[in-house]
Amino acid sequence: MPYSRQCLFAASFAAATMLAGQASAQMPSAIEAPGETVVATFHAEGAQVYECKAGADGKLAWAFREPIATLLLDGKTVGRHYAGPNWEHADGSAVVAKVVANAPGKTAGDIAWLKLEVTARRGNGTLSGVTTVQRINTHGGVHAGACDKAGAFHSAPYATDYVFLRKGS
């Protein structure tokens, strides 16, 4: 291989290695999914809904109730996300999952990044083989402060990316 091609190859390899290192450094280790392959990534926009409830101490406080969000791909609606937590794709496939790990959002106003394990599936399509869901790149969604009336609701706008993965390659 001529010297200039060797230099170009070495520079390309070094750049790719550096970018790969940066990409893995951005994903908190608590929510990594080693050995899993990305099936799809959808942007979501919606709200985290909170309810004013009495805590174990009898004092009123905001408690998370449910998410309500639209799943988007290239700006087009491809599904929805709601209590359960459930994710439904327009092709009829859907998953339900439970939280198994979390990492803090980038700011105090951003909800946590999550790793969720799929507990149920239905339909055939994009989400049918999914085993893990990651919630990353969160913006907003946190609500804090005093609540004065039990049963009151507050919707905190949020945006995030959901990464759907399956075991193996």
Side-chain angles (χ1 to χ4, degrees), residues 12-51 62-144 153-169:
S12 297
F13 181 76
T17 303
M18 186 173 73
L19 288 173
Q22 289 173 348
S24 64
Q26 293 173 356
M27 183 66 67
S29 60
I31 66 167
E32 286 180 347
E36 296 194 44
T37 303
V38 174
V39 171
T41 301
F42 301 122
H43 182 69
E45 293 187 11
Q48 297 285 305
V49 180
Y50 295 86
E51 183 177 2
W62 292 106
F64 175 71
R65 179 183 168 99
E66 64 187 327
I68 300 172
T70 301
L71 300 178
L72 305 161
L73 180 63
D74 298 327
K76 294 182 177 145
T77 299
V78 295
R80 65 189 186 125
H81 172 51
Y82 57 94
N86 283 273
W87 292 265
E88 285 184 2
H89 192 275
D91 66 11
S93 61
V95 294
V96 181
K98 67 176 182 179
V99 175
V100 294
N102 66 64
K106 297 218 185 252
T107 73
D110 300 332
I111 54 176
W113 291 26
L114 300 177
K115 178 179 181 181
L116 302 102
E117 177 181 288
V118 171
T119 58
R121 294 172 195 76
R122 61 189 184 276
N124 293 313
T126 304
L127 303 180
S128 62
V130 170
T131 54
T132 301
V133 180
Q134 292 170 319
R135 180 175 77 186
I136 63 171
N137 302 325
T138 58
H139 297 283
V142 171
H143 180 65
F153 293 95
H154 178 82
S155 295
Y158 86 110
T160 192
D161 294 320
Y162 288 106
V163 181
F164 298 89
L165 305 116
R166 65 178 167 80
K167 297 210 183 305
S169 55

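Quick caveat: nothing in here was measured; it's all calculated off a predicted structure. Numbering of residues begins at 1 and proceeds along the displayed sequence.
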Donor-acceptor pair, side chain of T138 and main chain of I111, under 3.5 angstrom: yes

I need the minimum non-hydrogen distance between S93 and S128, along with the two atoms involved. CB-N, 3.9 Å

Heavy-atom pair with the smallest gap, counting every atom of I31 and L114: CG2-C, 3.8 Å

Can you check whether G168's main-chain N or O pairs, donor with acceptor, with T37's side chain at less than 3.5 Å? yes

Roughly how far apart are R80 CZ and T70 OG1, rounded to 0.5 Å? 9.5 Å

Between the CG atom in L127 and the CZ atom in R122, the distance rounded to the nearest 0.5 Å is 10.0 Å

May I ask you to test the T77-L72 pair for a side-chain heavy-atom distance under 4.5 Å? yes

NE2-NZ distance between H43 and K76, expressed to the nearest 0.5 angstrom: 16.0 Å

Taking atom NZ of K167 and atom CD of E36, what is their separation to the nearest 0.5 Å? 4.0 Å

Going by heavy atoms in the side chains, are V118 and V133 under 4.5 Å from each other? yes

Beyond-backbone contact of Y162 with R135, side-chain heavy atoms, under 4.5 angstrom: yes

Checking the side chain of K115 only, and the main-chain atoms of E32 only, is there a donor and an acceptor separated by less than 3.5 Å? yes

Restricting to non-hydrogen atoms, name the atom on P67 and the atom on Y158 that form the minimum distance, rounded to 0.1 Å. CB-OH, 4.2 Å

Check E88 against A94 and note the closest heavy-atom contact, atom names and distance. CG-CB, 3.8 Å

Centroid-centroid distance, H81 to F42, less than 6.0 Å: no

For the atom pair NZ (K106) and CD (Q26), what is the distance rounded to the nearest 0.5 Å? 6.5 Å

Return the orientation label for the W87 and F164 ring planes: parallel under 30°, perpendicular over 60°, tilted otherwise. perpendicular

Should the pair F64 and Y50 be assigned to parallel (<30°), tilted (30 to 60°) or perpendicular (>60°) ring geometry? perpendicular

Given H89 and L71, is the side chain to side chain contact (heavy atoms under 4.5 Å, CB included) satisfied, shown in steps? CA-CA 8 Å; H89 192 275; L71 300 178; over 6 Å; no

If only side-chain N and O atoms count, and only distance matters, is there a donor-acceptor pair under 3.5 Å linking T41 with D161? no

For a 4.5 angstrom cut-off between non-hydrogen side-chain atoms, does Q134 reach V38? no

Where do A112 and N102 come nearest, in terms of heavy atoms and distance? CB-CB, 4.3 Å

Counting only heavy atoms not in D91, do more than 12 fall under 6.0 Å of its CG? yes

Can a donor-acceptor pair be found, under 3.5 Å and without considering hydrogens, that links the side chain of R121 to the backbone of V130? yes

Closest non-hydrogen atom pair between P85 and A97, with its separation: CD-O, 3.0 Å

Please answer whether the main-chain N or O of E117 pairs with a side-chain N or O of T132 as donor and acceptor at a distance below 3.5 Å. no

